[in-house]
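Okay, so here's the structure we're looking at.
A, B, ... follow the sequence lines: proteins, then strands. Residue 1 opens every chain. The basis for the numbers below is simple: all heavy atoms, side chains too, and nothing from hydrogens, waters or symmetry mates.
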There are 2 protein chains.
Amino acid sequence: MLCDLAELFKLFGDSTRCKILYVLSEGECSVSDIADVLSMTQSAISHQLRLLRQSRLVRCHRIGKTMLYALADEHVQTILKMGMDHISE
Amino acid sequence: MLCDLAELFKLFGDSTRCKILYVLSEGECSVSDIADVLSMTQSAISHQLRLLRQSRLVRCHRIGKTMLYALADEHVQTILKMGMDHISE
DNA sequence: TAAACACATGAACAATTATTCATATGAAAG
DNA sequence: CTTTCATATGAATAATTGTTCATGTGTTTA
């Protein structure tokens, strides 16, 4: 149980993944757009998206050739916001 | 900013530290008591407590020979609880 | 069907990090 | 003052993990 909790927080505990989640908190986005915004390779982003997908923190659906990613639910956004609150205190 | 956020979550993203924080959420505790509860060495616990202290997630004060640790503020407990809520859904 | 585009993924490397072992510090008891 | 108890810490090791490179899969367009 507490191990599962650690696994959850571990996903938020990487700056790349935090940035991805933040970008997605502003709306759906494709893989290459995320890569552009973060100035990182498509591969690096795709690898991280896979982890986020596997833990159901993001969901995705295909539109033609592109995949659109989004936050899985409100919970993820809440965790992000609450972390930010803690930072800026 | 998002990097600071990742650094914060990184601290929750380790099962040992999660367990330590959980134990402390039930009240003040000494280093050796934490080590006993988690069946880990005093040294391992002490190293982790140092990280938690440096990030002000826990505070401590000395009573004689023993050091009593506690959660730094309500915020830490809230983060823990919110993570748990997410797990059990 | 072949080429182009968007994304996924396996393997390898580099960097980070949790634990152990040995030892140091600091307080209390004798 | 010396010993003992509780904790802290430096160095080393082992394990985890993020990124890169090369390549594979799936979809559209010519």
For this session: Would you kindly give the NZ-to-P distance between A/Lys65 and C/dA8, to the nearest whole Å?
Result: 15 Å
Exercise. Counting distance only, does the side-chain N/O of B/Gln77 pair as donor-acceptor with the main-chain N or O of B/Ser25 below 3.5 Å?
Worked result: yes
Exercise. Within the structure shown, what part of the strands sits under 4.0 Å from A/Ser43 by heavy-atom distance: base, sugar-phosphate, or nothing?
Worked result: base
Exercise. To the nearest Å, how far apart are B/Glu7 CD and D/dG18 C1'?
Worked result: 14 Å
For this session: Using whole Å, report how far CE of B/Met40 lies from P of C/dA18.
Result: 10 Å
For this session: Find the distance B/Ile34:CD1 to D/dA8:C1' and express it as a whole number of Å.
Result: 14 Å
Problem set entry | Side-chain N or O of A/Arg17 closer than 4.0 Å to phosphate OP1/OP2 of D/dG18 | yes
Problem set entry | Distance in angstrom units between A/Gln42 CD and C/dG10 C1', rounded | 14 Å
Exercise. Near A/Arg56 CZ, under 6.0 Å, is it more than 12 heavy atoms from other residues, nucleotides or ligands?
Worked result: no
Exercise. Just to confirm, is there a sub-4.0 Å distance from OP1 or OP2 of C/dT17 to any side-chain nitrogen or oxygen of B/Gln48?
Worked result: no
For this session: May I have the distance from A/Ile63 (atom CD1) to D/dT28 (atom P), rounded to whole angstrom?
Result: 10 Å
Exercise. Any stacking of A/His47 on C/dT9, going by centres under 5.5 angstrom and planes within less than 30 degrees?
Worked result: yes
Exercise. In whole angstrom, what separates B/Leu49's CG from D/dA8's P?
Worked result: 7 Å
Exercise. What do you reckon, is CD of B/Gln54 surrounded by more than 12 foreign heavy atoms closer than 6.0 Å?
Worked result: yes
